[in-house]
Amino acid sequence: MIKAVRGTRDLLPPDTALWNFVEKTVREVFEAYNFQEIRTPIFEETQLFSRAVGEETDVVSKEMYTWEDGIKAADYAVYKKWITARNPNVKAWQGINPNAASPAAPLPTWHENGQDYFVFSYRLTPEVMNELKKAAVFRDKGILSFNNLRLVTAQAIPDTVRFDVENLSVICETLPVDTRPIWQTLRPENTAGVVRAYIEHKLEKRGLNKLYYIGPQFRRERPQKGRYRQFYQIGAEIIGPKSAGSESPVRDAEILEMLATLLDRLGIKGWTLEMNSVGSSAERVKFNEALRVALEPVKDKMCADCQRRAVTNPLRVLDCKVPEDQPIIEKLPRISQFLDEDSRKHFDQVQEILKAVGVEFQINDRLVRGLDYYTRTAFEFTHGALGAQNAILGGGRYDGLSESIGGPPAPGIGFAIGEDRLVMTLQETMGSVQQKADVYIAPLGNGMNIEAARLARELRRGNLVAELGDETFRLKKSFETADKIGARYILIVGENETKSGVFALKNLATGEQVSVPRSELAVKIKG
RNA sequence: GUGGGAAUAGCUCAACUGGCAGAGCACCGGACUGUGGCUCCGGCGGUUGCGGGUUCGAUUCCCGUUUCCCACCCCA
């Protein structure tokens with residue numbers, strides 16, 4: 001049996017009704033704040049994400065669905081030549097026919113900058129495949145993950161396998177434009193796509209843009225409760241030229257207040273808004289340096305994770321939850337000490353407005369964000385009932401993002417809601433929402449299907465939810481079905497009714513049955 | 001990617017130290033020919049995730065594998 005692939009799932013009724021409720025509420029609330037919907041493609045050029053989200057982030061370095069597109073077979077000569085020229089140690093090209101099996105040939109590899117590289121594009125036999133499998137985690141198609149590299153296949157394994165070297169971006173820049181492979185990636189988040197569209201369509205000429213989106217995103221990470229490889233996000237962005245007010249703390253507060261309103265409208269209880277200012281990118285560089293210095297003498301006493309983070313990403317040390325580390329973390333410098341006057345004023349005013357409009361929040365000066373593009377205000381809404389993943393949404397300001405991917409200056413702020421998790425919390429509080437029919441139409445006796453179909457069309461055109469039976473069903477079965485689908489009324493279409501034009505309509509909840517002339521049916525059922 | 005747990009009917013779950021694969025719900029039919037919810041009776045439903053091994057015999061024990069769940073890593 002073919003099953004949904006790992007980490008993906010079908011959303012079935014009646015759950016889909018809950019999803020629709022969420023999305024309908026989102027549209028109503030967001031549009032009240034004058035946001036308009038944007039739909040961007042679900043895949044983009046890989047470099048959009050690596051530049052916007054950050055080359056070194058986990059999202060980009062190992063958790064994206066990526067493939068190569070746009071390189072022709074003939075162009076491999078150029079590709080190959082370039083690789084060989086750059087890596088004189090690669091001798092393995094000799095004797096490798098891309099189209100022939102090479103069972104005995106060892107994998108061509110070389111070592112550089114502490115990294116193992118494999119060369120791409122040749123045919124693998126089952127024997128070679130088995131060798132590979134020993135050293136690798138096997139995926140059916142598309143990608144083989146090794147410890148230090150990823151292997152991307154153009155076609156189904158185990159036929160032709162192409163190896164993606166890790167320094168791919170360099171290759172892309174050096175190859176002639178017309179032979180450059182275009183790497184494409186399923187979007188792991190939507191902000192980069194929105195900003196790309198903003199730049200591409202010169203939306204800055206329209207002043208302040210308030211855009212929202214609802215849609216699937218993709219990450220190749222290990223599935224867990226509420227974490228899927230295809231997951232859904234709801235998000236909104238305010239972006240525009242500074243002169244249109246996009247940098248104003250009014251926007252930060254507006255977004256936060258809108259989110260509080262949304263959660264209340266959805267009936268989600270017990271959420272907490274935590275926020276912090278992570279400063280401008282210049283301020284963060286200083287802060288990072290200070291953290292590194294402060295960590296140097298104490299990191300040996302910390303947990304293994306923190307020792308690693310102290311080197312790779314000092315900011316994340318602040319996130320550590322290990323109890324023994326807390327006293328050390330308490331003594332580390334705080335980003336607030338590095339904010340300049342503008343940043344501090346900005347953050348102060350956000351808080352002032354929130355207090356004025358009555359939105360409760362907590363300052364969490366250890367809140368940091370994982371993506372490179374965030375500046376100044378960063379926030380999270382958390383909810384207790386979510387296990388290890390207690391954040392249902394997160395976001396922040398990204399004043400430099402547009403410029404970092406080649407656009408005009410365009411300060412902005414946005415957020416993304418994990419819709420899967422949001423729906424999950426709603427399921428716990430609301431249970432399921434069953435779609436209910438207004439009326440079940442029960443044709444009774446030979447030839448009654450025709451009249452029943454006519455009636456169904458009339459009632460449905462009157463905006464009623466009508467389910468239609470079949471003349472071969474016994475009346476008892478029709479009643480049972482009507483109950484099962486939660487119909488409020490059952491309409492009996494028998495010979496007597498058809499002849500007289502007066503139909504038997506029974507209220508299934510009260511048991512009351514009345515005779516109703518054809519023309520009054522819709523009104524009676526609605527009433 | 002790491003560690004732990006699990007997988008049996010459409011759903012929720014049983015099956016003792018290895019011995020005929022079961023129940024409830026759901027579904028279909030009947031009691032009941034144009035009047036439902038209740039009740040009673042009957043029926044359908046399975047390659048026990050997949051592949052191998054041990055055994056006279058495996059849902060049960062062992063190995064591999066896939067998927068899900070929980071936690072870690074990480075994160076909107």
Side-chain angles (χ1 to χ4, degrees), chain A residues 1 3-9 12 53-54 56-63 133 136-140 145-148 150 187-192 213 217-229 231-236 303-306 308-309 312-313 316 319-322 368-371 373-374 378-382 387-396 414-422 440 442-445 448 471 473-487 489-497 504-513:
Chain A
M1 186 177 56
K3 292 190 280 192
V5 302
R6 181 178 198 198
T8 68
R9 59 174 178 162
L12 305 172
V53 177
E56 298 308 317
T57 61
D58 251 42
V59 174
V60 167
S61 63
K62 65 177 192 202
E63 291 179 351
K133 278 195 205 168
V137 178
F138 182 73
R139 306 268 164 242
D140 286 345
S145 288
F146 290 71
N147 291 336
N148 287 323
R150 187 168 298 168
R187 62 186 188 195
E189 55 97 51
N190 216 331
T191 298
Y213 59 84
Q217 319 290 337
F218 305 84
R219 280 195 202 167
R220 223 192 105 266
E221 59 185 0
R222 188 145 173 171
Q224 219 182 111
K225 190 180 182 67
R227 315 182 79 174
Y228 302 93
R229 289 183 164 191
F231 58 102
Y232 294 83
Q233 283 190 338
I234 297 167
C303 67
D305 286 332
C306 282
R308 181 175 46 75
R309 290 179 186 129
T312 58
N313 195 349
R316 297 226 74 89
D319 256 357
C320 178
K321 309 215 163 53
V322 177
V368 290
R369 308 257 73 203
L371 307 187
Y373 54 61
Y374 284 112
F379 57 87
E380 266 177 16
F381 283 71
T382 57
Q389 287 76 51
N390 63 351
I392 48 179
L393 71 91
F415 61 85
I417 304 172
E419 190 176 3
D420 303 78
R421 283 191 210 167
L422 185 65
Y440 182 87
L444 190 65
M448 290 301 117
E471 64 186 31
F473 294 167
R474 288 170 307 109
L475 195 55
K476 177 184 164 67
K477 179 188 164 97
S478 291
F479 268 88
E480 284 168 352
T481 308
D483 281 328
K484 201 162 59 191
I485 64 171
Y489 285 95
I490 183 164
L491 175 65
I492 297 166
V493 184
E495 217 164 319
N496 298 338
E497 285 84 356
L505 183 69
K506 185 169 185 176
N507 184 313
L508 284 161
T510 64
E512 179 202 12
Q513 181 166 330

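Every chain is numbered from 1 and lettered A, B, ... according to where its sequence line falls, protein lines coming before strand lines. These numbers were taken from a predicted model, which means no experiment stands behind them.
- Atom CZ of residue A:Phe381 and atom CD1 of residue A:Ile392 lie 8.0 Å apart, to the nearest 0.5 angstrom.
- Here the CZ atom belonging to A:Phe473 is positioned 14.5 Å from the CZ atom belonging to A:Phe479, to the nearest 0.5 angstrom.
- Nearest-nucleotide assignment on RNA chain B puts the 5′-proximal partner with A:Pro223, out of A:Pro223 and A:Leu393.
- Look at the C1' atom in both B:C27 and B:U12: the space between them is 16 Å, to the nearest Å.
- Rounded to whole Å, atom P of B:G3 lies 9 Å from atom CZ of A:Arg222.
- Residue-level contact check: A:Leu475 touches the bases, meaning some heavy atom is under 4.0 Å from a base atom.
- Between the CG atom of A:Leu393 and the OG1 atom of A:Thr382 there is a distance of 9.0 Å, given to the nearest 0.5 Å.
- When heavy atoms are screened at a 4.0 angstrom cut-off, A:Ile490 is found touching no nucleic acid atom at all.
- The separation between A:Lys477 atom NZ and B:C32 atom C1' is 16 Å, rounded to whole Å.
- Residue A:Tyr228 has its side chain nearest to B:C69 when only B:C69, B:G36, B:U35 are considered.
- A:Asn190 comes within contact range of no nucleotide atom at all, as no heavy-atom separation falls under 4.0 Å.
- We find that CZ of A:Arg421 is positioned 15 Å from P of B:C74, with the value rounded to whole Å.
- One C1' atom belongs to B:C61, the other to B:G42, and the distance between them is 40 Å to the nearest Å.
- Rounded to whole Å, the C1' atom of B:C38 lies 26 Å from the corresponding atom of B:G45.
- Distance CD (A:Glu480) to P (B:G30): 10 Å, rounded to an integer number of Å.
- Looking at A:Asp483 and A:Tyr440, their side chains never come closer than 4.5 Å, going by heavy atoms from C-beta outward.
- For B:U66, the OP1/OP2 oxygens have no side-chain nitrogen or oxygen of A:Arg6 closer than 4.0 Å.
- Atom C1' of B:A26 sits at a distance of 11 Å from the matching atom of B:A9, rounded to the whole Å.
- Using a 4.0 Å cut-off, no side-chain N or O of A:Lys476 falls inside it from OP1 or OP2 of B:A31.
- If you check every strand for non-hydrogen atoms under 4.0 Å, A:Glu419 touches nothing.
- Under a 3.5 Å cut-off, the side chain of A:Glu419 and the backbone N or O of A:Tyr232 do not form any donor-acceptor pair.
- Nearest nucleotide to the A:Arg227 side chain, out of B:C69, B:C75, B:U35: B:C75.
- Taking atom C1' on both nucleotides, B:G3 is separated from B:G46 by 34 Å, rounded to a whole Å.
- Relative to the side chain of A:Lys484, the nucleotides B:C28, B:C68, B:C75 differ in distance, and B:C28 lies closest.
- In this structure, CD of A:Glu497 is placed 13 Å from P of B:G34, rounded to the nearest angstrom.
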Check: Given the rule that a pair is Watson-Crick or G-U wobble with both distances under 3.5 Å, how would you write RNA chain B in dot-bracket, using | for pairs to a different strand?
Finding: (((((((..((((.....[..)))).(((((.......))))).....(((((..]....))))))))))))....
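- The phosphate of B:G30 has OP1 or OP2 within less than 4.0 Å of a side-chain N or O from A:Arg474.
- One can place CZ of A:Phe473 at 17 Å from C1' of B:U33, the figure rounded to the nearest angstrom.
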Checklist line | Derivation of the salt bridge (Lys or Arg N to Asp or Glu O under 4.0 Å) call for A:Lys476 and A:Glu480 | finding: CA-CA 6 Å; A:Lys476 177 184 164 67; A:Glu480 284 168 352; 3.3 Å; yes
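- Atom pair A:Asn496:CG and B:U35:P shows a separation of 13 Å (rounding to whole Å applied).
- Comparing the P positions of B:G64 and B:U17 gives an interatomic distance of 24 Å, to the nearest angstrom.
- Annotation: B:A14 and B:U59 have their C1' atoms spaced 11 Å apart (nearest Å).
- A:Ile492 has its side chain within reach of A:Glu497: a pair of non-hydrogen atoms, C-beta onward, lies under 4.5 Å apart.
- Between A:Arg222 and A:Arg6 the shortest side-chain heavy-atom distance falls below 4.5 Å.
- In this structure, CD of A:Glu221 is placed 12 Å from P of B:C69, rounded to the nearest angstrom.
- Heavy atoms of A:Gly7 sit under 4.0 angstrom from primed sugar atoms or phosphate atoms, though from no base atom.
- Using a 4.5 Å cut-off on side-chain heavy atoms (C-beta onward), A:Thr191 and A:Tyr213 make contact.
- Of the candidates B:G34, B:U35, B:G36, B:G34 carries the atom nearest the A:Leu444 side chain, counting heavy atoms from C-beta on.
- Across the P atoms, B:A23 and B:A31 are found 25 Å apart, a figure rounded to whole Å.
- Counting non-hydrogen atoms under 4.0 angstrom, A:Lys506 reaches a base of the nucleic acid.
- Counting non-hydrogen atoms under 4.0 angstrom, A:Glu380 reaches nothing in the nucleic acid.
- Partner of A:Asp420 under the salt bridge (charged side-chain N to carboxylate O under 4.0 Å, His left out) criterion, chosen from A:Arg229, A:Arg227, A:Arg9: A:Arg9.
- Residue contacts shown for A:Gly511 include a base, since a base heavy atom lies under 4.0 Å away.
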